[in-house]
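Working notes for the structure below.
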Amino acid sequence: MSGNQDHRAELVADCQVRAVTDLFAHMWDPVVLVALHSGHRRRGDLRADIGGVSDKALTEALHRLLGHGLIERHRFAQAPPRVEYGLTRLGASLVDGPLKAMGEWILDHGGDLLAAQDAAPTPRAAVPPDRGLSSRLDQK
């Protein structure tokens, strides 16, 4: 096996790769990270600026990103209580690296991607299990 093939095999078996790809499996996680790139934000401001994200989805994304060490939560001791979220150094490195590259790719190829999706045939609905071949044979 060549050096590149060895490296790819290590990545496939590596749970670190799975941890990183999990970030992109959740639609709002990258969006929240990019929204926090400009600085610390309160939750309500974050939700208003993102647009389209439900309260539940934002809460789940914030909890996941906190758990991954990509964002931090600052609680201010004042009345009423105030909480702000911001990127950690690790989160900023993700936004400035891979997410920035993906954003550039989207600017260059996003239109092509959407056009291809629009041109693709609509997948046929799967036959429900109770309407399959065995059900039709039973009716004869």
Side-chain angles (χ1 to χ4, degrees):
M1 227 188 296
S2 74
N4 281 343
Q5 289 173 329
D6 289 340
H7 186 62
R8 284 192 300 258
E10 289 173 23
L11 289 175
V12 169
D14 190 351
C15 64
Q16 292 177 1
V17 173
R18 284 179 254 156
V20 172
T21 56
D22 182 57
L23 297 172
F24 297 99
H26 300 283
M27 169 172 137
W28 294 109
D29 292 5
V31 176
V32 171
L33 289 169
V34 171
L36 288 171
H37 189 258
S38 60
H40 286 75
R41 313 280 290 286
R42 294 180 76 169
R43 192 176 181 293
D45 295 334
L46 194 57
R47 184 169 180 221
D49 289 345
I50 290 174
V53 62
S54 71
D55 194 52
K56 179 182 177 191
L58 179 58
T59 298
E60 291 171 351
L62 291 170
H63 284 287
R64 263 191 312 275
L65 295 171
L66 282 163
H68 287 305
L70 298 171
I71 65 171
E72 56 193 2
R73 183 179 186 267
H74 295 283
R75 184 168 185 197
F76 297 89
Q78 62 185 55
R82 184 174 63 130
V83 174
E84 289 185 353
Y85 295 90
L87 293 177
T88 61
R89 221 168 34 146
L90 182 62
S93 72
L94 181 61
V95 173
D96 291 334
L99 287 177
K100 181 179 179 184
M102 188 172 16
E104 291 169 359
W105 185 88
I106 290 167
L107 290 175
D108 291 342
H109 303 287
D112 297 333
L113 179 64
L114 293 176
Q117 289 173 349
D118 288 343
T122 305
R124 294 183 345 173
V127 176
D130 60 332
R131 301 280 186 205
L133 180 60
S134 62
S135 294
R136 285 183 270 162
L137 291 174
D138 291 340
Q139 292 173 359
K140 289 185 175 182

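Applying the side chain to side chain contact (heavy atoms under 4.5 Å, CB included) test to Asp22 and every residue at least two apart in sequence or in another chain returns Ala25, His26, His68.
Put simply, the side chain of Leu36 reaches to within 4.5 Å of the side chain of Ile71, judged on heavy atoms.
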Which atom pairs, one a donor and one an acceptor, fall under 3.5 Å between side chains of residues 95-112 and the rest of the protein, sequence neighbours left out?
from, atom 1, to, atom 2, distance (Å)
Asp96, OD1, His37, NE2, 2.6

Could you go through residues 54-67 and list every donor-acceptor pair under 3.5 Å that involves a side-chain atom there, pairing it with any protein atom two or more places apart or in another chain?
from, atom 1, to, atom 2, distance (Å)
Ser54, OG, Ala57, N, 3.0
Asp55, OD1, Arg43, NH1, 2.7
Asp55, OD1, Arg43, NH2, 3.0
Thr59, OG1, Arg43, NH2, 2.3
Thr59, OG1, Asp55, O, 2.9
Arg64, NE, Asp29, OD1, 3.3
Arg64, NE, Asp29, OD2, 2.9
Arg64, NH2, Asp29, OD1, 2.9

List, one per line, each side-chain donor-acceptor pair under 3.5 Å for residues 72-83, sequence neighbours excluded.
from, atom 1, to, atom 2, distance (Å)
Glu72, OE2, His40, NE2, 3.4
Glu72, OE2, His74, NE2, 3.2
Arg73, NE, Tyr85, OH, 3.4
His74, NE2, His40, NE2, 3.2
Arg82, NH1, Glu84, OE2, 2.9

| said: For Leu46 and Ile50: C-alpha separation, side-chain torsions, deciding distance, then whether side-chain contact (heavy atoms from CB on, under 4.5 Å) applies. | reply: CA-CA 6 Å; Leu46 194 57; Ile50 290 174; 4.1 Å; yes

| Would Leu33 and Leu70 satisfy side-chain contact (heavy atoms from CB on, under 4.5 Å), going step by step from the backbone distance to the final call? | CA-CA 8 Å; Leu33 289 169; Leu70 298 171; 4.0 Å; yes

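Counting all heavy atoms, side chain and backbone alike, Gly51 lies closest to Trp28 at O-CH2, 4.0 Å.
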